[in-house]
Amino acid sequence: MPRNRSDNLPSLLALVAVGLFAACGGPSAEEDARVCADVECSAGRCVAENSAPVCRCSAWEQAAGLTCTIVGYRQPDDHGDTPETATALAPSVEFQEGIINPPFRAKADRDVFAMPTAAGHGYRLIVRAGTLAPVDVRLVEASGREVRTRTVTTSEGTRVEFVSTEEAPRFITVAAPEGSGASGTYAYRLEDLGRDAHGDTLATATPLALTNTPFPLALEFQDDADVFTFRTEPNQGFRFSCEGENFSVHLMDGEGAPVNGGVTRNSSRVSAGQLSPVANTWFVRVYSSSDAALATQCQLDDLGQDDHANALQGATPLTAGIPVAVRLHGPNDVDVFSFFATAGHIYDIRFHPAAYERRFRLTDADGKTLAETQWNRIVHEAASTGTYYVHLLPNSSWGSDIEVRVDDLGTDDHGATPQTATLADVGETVTGLIHKQADLDAISVPLDADVFYRLSCTRACTLTTRTSGAPLYMMNIEDGLWHVHTPASGLVTFIVSSRSIPYDFTFKLDQASTDDHGDDAEHATPQVVPVNEAGVFELGSDVDVLSFELEAGRTYVVRGSRTTIRILDPLGAQVALAYERGTGNQTFTAPSSGTHVAELKSEEPYLQRETAWSFSLREQ
């Protein structure tokens with residue numbers, strides 16, 4: 001059914017009424033905002049009526065049965081909530097109280113403090129919980145971005161240390177933990193940690209002279225950094241260093257750009273340096289790598305002018321046997337030396353004193369790498385006669401005074417086969433050098449039968465042996481030490497090798513003792529029944545043999561200590577032994593009359609020291 005025009009009359013009258021009310025001076029939106037700024041309604045919205053706040057429900061809220069009343073007023077805030085409205089904070093002796101109000105219109109309160117910006121000063125803020133606990137304390141920039149810092153909880157409260165400058169002003173925010181909705185009181189105090197002894201920026205850097213003299217340096221507060229500047233002449237090296245493990249050093253050129261590879265560190269010191277072919281201005285920034293205030297000694301050393309060429313051209317010549325002083329004038333410095341070599345000769349190149357990771361390289365005249373090491377020494381056999389080059393490469397020992405030396409060792413010191421071996425006597429010390437992995441050093445020594453030898457070869461050598469066919473027994477007692485024994489006299493060749501080169505060794509073979517008893521029936525020690533004999537096993541390979549006359553059909557009792565026993569009849573056949581459980585003795589009946597032997601061996605085949613034994617035989 002079509003609607004009558006009169007149905008729209010109430011709505012039209014309402015619109016006219018609102019228009020007339022506004023035209024006649026009703027409350028404005030600006031007045032609503034002013035009067036209602038600190039009012040919170042249960043529902044609806046707050047409007048001003050007669051300059052007083054009133055909560056009004058909309059038609060929807062009325063239909064929903066909601067009640068629109070004032071449920072709370074915002075309490076006066078003691079501090080601003082943003083960096084723009086922050087409270088300027090000044091150092092004080094006493095704690096001051098702050099308040100975090102309850103959340104208003106679902107928004108939590110926070111207090112923002114602007115720190116002083118005295119140039120070069122550090123600050124410490126301590127926030128102590130009152131009825132608000134815990135307290136969330138943060139350091140932020142003007143943009144509101146949080147600044148990484150370390151907060152420390154002490155008996156006084158939460159402590160934050162920082163720097164605030166005009167270029168980088170700092171702000172502190174204090175609030176209840178996020179999402180907790182907590183409110184309450186807290187106390188705060190700002191401490192001025194004093195003016196920093198050195199500037200923190202390139203513009204305020206402390207100028208230094210290259211005096212080689214230590215000076216004290218203190219990082220007075222957590223975020224402190226000290227910046228220094230100095231100048232070097234062309235090809236002048238420098239080293240700026242500080243003691244301790246908890247410091248970091250940042251090296252920059254005259255434009256403030258980082259210098260890559262300019263900083264090295266060891267267990268007790270951090271150093272920065274560089275060698276530049278042109279005059280240059282440098283900046284060094286020192287800061288704590290442990291987020292703590294620290295004190296140390298620093299030093300700026302003048303390493304002098306670079307004294308050796310960095311390339312083949314102009315390389316410093318070396319004379320065999322004469323050391324030359326060397327100093328790397330920065331972590332980027334390279335020093336090159338040359339020497340003349342004869343084909344087939346072995347050359348020993350060393351740096352002294354030895355240092356961990358001292359890298360250097362040997363090349364030919366074309367720059368081709370022949371050998372490279374970080375262990376201070378290269379031994380090389382020249383393939384051709386000509387000039388060779390030694391390149392001392394950048395390494396962590398830069399700045400220290402060392403020496404380089406090349407020695408001509410002549411041709412190979414020992415042959416590699418029994419036919420070309422060096423002949424040595426027992427008791428003679430022989431030294432050698434394995435100069436490459438294919439190198440073998442052979443040493444031949446004449447050994448006597450039934451003599452026990454002690455062989456030492458240090459550093460712990462790798463040994464192989466060659467004999468004329470007689471057995472050779474060797475037992476490794478410890479690194480570089482062996483027991484040696486052969487039952488037949490002859491020349492024995494010991495061949496030394498190594499995969500670790502260059503490898504110096506010292507070889508010596510000494511007589512330890514002579515076998516006290518023969519090793520077979522032909523060399524047996526004669527005995528008379530009853531037998532009571534003692535002896536020593538020098539090695540596990542040692543066999544001691546005793547002989548005695550026995551009568552056929554008679555029974556004999558044998559007993560031994562630390563030995564195994566075999567009884568052989570006159571024909572060499574083994575005689576069966578019967579074991580007596582109660583006494584531990586062994587018995588046998590002689591199968592025939594004549595010379596019998598007792599063959600004694602160690603119970604431990606791998607003896608590492610001499611072992612005494614005893615043997616007895618009697619008629620039952």
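For this chain, numbers begin at 1 and follow the sequence in order.
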Does L600 form a side chain to side chain contact (heavy atoms under 4.5 Å, CB included) with I565? I'd like the steps, not just the answer.
CA-CA 5 Å; L600 309 177; I565 302 171; 3.9 Å; yes
Any [X] side-chain heavy atom under 4.5 Å of [Y] side chain:
X    : Y    : value
Y556 : E551 : yes
P570 : S592 : yes
K436 : S498 : no
R554 : V529 : no
M474 : T465 : yes
F507 : T431 : no
V543 : K601 : yes
D515 : V451 : no

Between [X] (side chain) and [Y] (backbone), is there a donor-acceptor pair under 3.5 Å?
X    : Y    : answer
S593 : A552 : yes
D516 : V536 : yes
D520 : E522 : yes
S489 : A449 : yes
D510 : R454 : no
S561 : W613 : no
T213 : T211 : yes
Y389 : D366 : no
Q299 : N212 : yes
S400 : S397 : yes

Whether the [X] and [Y] side chains hold a donor-acceptor pair (N or O, under 3.5 Å, no angle test) is what I'd like checked.
X    : Y    : answer
T369 : T363 : no
E538 : H483 : no
D333 : W398 : no
E549 : T595 : yes
T420 : T417 : yes

Side chain to side chain contact (heavy atoms under 4.5 Å, CB included) evaluation trace for E533 with Q527
CA-CA 8 Å; E533 186 63 26; Q527 302 289 317; 3.3 Å; yes
Would you check, one step at a time, whether the test salt bridge (charged side-chain N to carboxylate O under 4.0 Å, His left out) holds for R359 with E372?
CA-CA 7 Å; R359 296 176 55 237; E372 185 171 333; 3.2 Å; yes
Closest non-hydrogen atom pair, [X] against [Y]:
X    : Y    : result
G304 : D302 : N-OD1, 2.8 Å
P487 : Y473 : CD-CE1, 3.9 Å
L251 : G273 : CD2-O, 3.6 Å
Y287 : L219 : C-CD1, 3.5 Å
A218 : D226 : O-OD2, 3.3 Å
L433 : P502 : CD1-CB, 4.0 Å

Go through it in stages, so that I can follow the logic: the residues are N395 and F351, the test is side chain to side chain contact (heavy atoms under 4.5 Å, CB included), and I'd like the CA-CA distance, side-chain angles, deciding distance and then a yes or no.
CA-CA 13 Å; N395 58 75; F351 284 88; over 6 Å; no
Given the ring of Y356, does R358 sit roughly above its face, with NZ or CZ under 6.0 Å from the centre of the six-membered ring and within 45° of the axis?
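No.
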Distance to the ring centre below 6.0 angstrom and angle to the axis at most 45 degrees; does that hold for R459 and Y503?
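Yes; both conditions hold, so R459 lies above the ring face of Y503.
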Identify, with sequence neighbours excluded, every residue that meets ring pair (Phe, Tyr, Trp, His ring centres under 6.0 Å) alongside F615.
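Listed in chain order: nothing, the list is empty.
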Walk me through it: do E478 and N476 pass the test side chain to side chain donor-acceptor pair (under 3.5 Å)?
CA-CA 6 Å; E478 58 186 59; N476 189 206; over 6 Å; no
With sequence neighbours excluded, tell me which residues meet side-chain hydrogen bond (donor to acceptor under 3.5 Å, both in side chains) with D348.
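D348 satisfies side-chain hydrogen bond (donor to acceptor under 3.5 Å, both in side chains) with R350, R377 only.
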With ring centroids as reference points, do [X] and [Y] lie under 6.0 angstrom apart?
X    : Y    : value
F337 : H308 : yes
F228 : F215 : yes
H380 : Y347 : no

Using 30° and 60° as the class limits, which term best fits the ring planes of W282 and F238: parallel, tilted or perpendicular?
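The rings of W282 and F238 sit tilted, inter-plane angle from 30° to 60°.
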Kindly assign one of parallel, tilted or perpendicular to the pair H414 and F505, based on the angle between their ring planes and the thresholds 30° and 60°.
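Tilted, since the angle between the ring planes falls between 30° and 60°.
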Full working for side chain to side chain donor-acceptor pair (under 3.5 Å) between T411 and H345:
CA-CA 5 Å; T411 56; H345 282 227; over 6 Å; no
Might you confirm whether atom [atom1] of [X] has over 12 heavy atoms from other residues, nucleotides or ligands at distances under 6.0 Å?
X    : atom1 : result
R265 : CZ    : yes
E604 : CD    : no
Q574 : CD    : yes

Evaluate the salt bridge (charged side-chain N to carboxylate O under 4.0 Å, His left out) criterion for residues R562 and E603: first the C-alpha distance (whole Å), next the side-chain angles of each, then the deciding distance (0.1 Å), finally the verdict.
CA-CA 6 Å; R562 297 180 180 175; E603 295 174 326; over 6 Å; no
Would you sort out whether S271 and R239 count as a side chain to side chain donor-acceptor pair (under 3.5 Å), showing the intermediate values?
CA-CA 6 Å; S271 303; R239 177 178 56 202; 5.2 Å; no
Using the rule given for side chain to side chain donor-acceptor pair (under 3.5 Å), can you reason through Q274 versus N332, listing the C-alpha separation, both sets of side-chain angles and the distance that settles it, and then say yes or no?
CA-CA 6 Å; Q274 198 76 182; N332 62 324; 3.3 Å; yes
Y453 and V445: side chain to side chain contact (heavy atoms under 4.5 Å, CB included), yes or no, with the steps?
CA-CA 11 Å; Y453 299 92; V445 185; over 6 Å; no
Distance-only criterion, 3.5 Å: show the donor-acceptor pairs between side-chain atoms of residues 318-331 and protein atoms not counting sequence neighbours.
from	atom 1	to	atom 2	distance (Å)
R327	NE	D401	OD1	2.8
R327	NH1	L303	O	2.8
R327	NH2	D401	OD1	3.0
R327	NH2	D401	OD2	3.1
H329	ND1	R327	O	2.8
H329	NE2	L303	O	3.0
H329	NE2	Q305	O	3.0

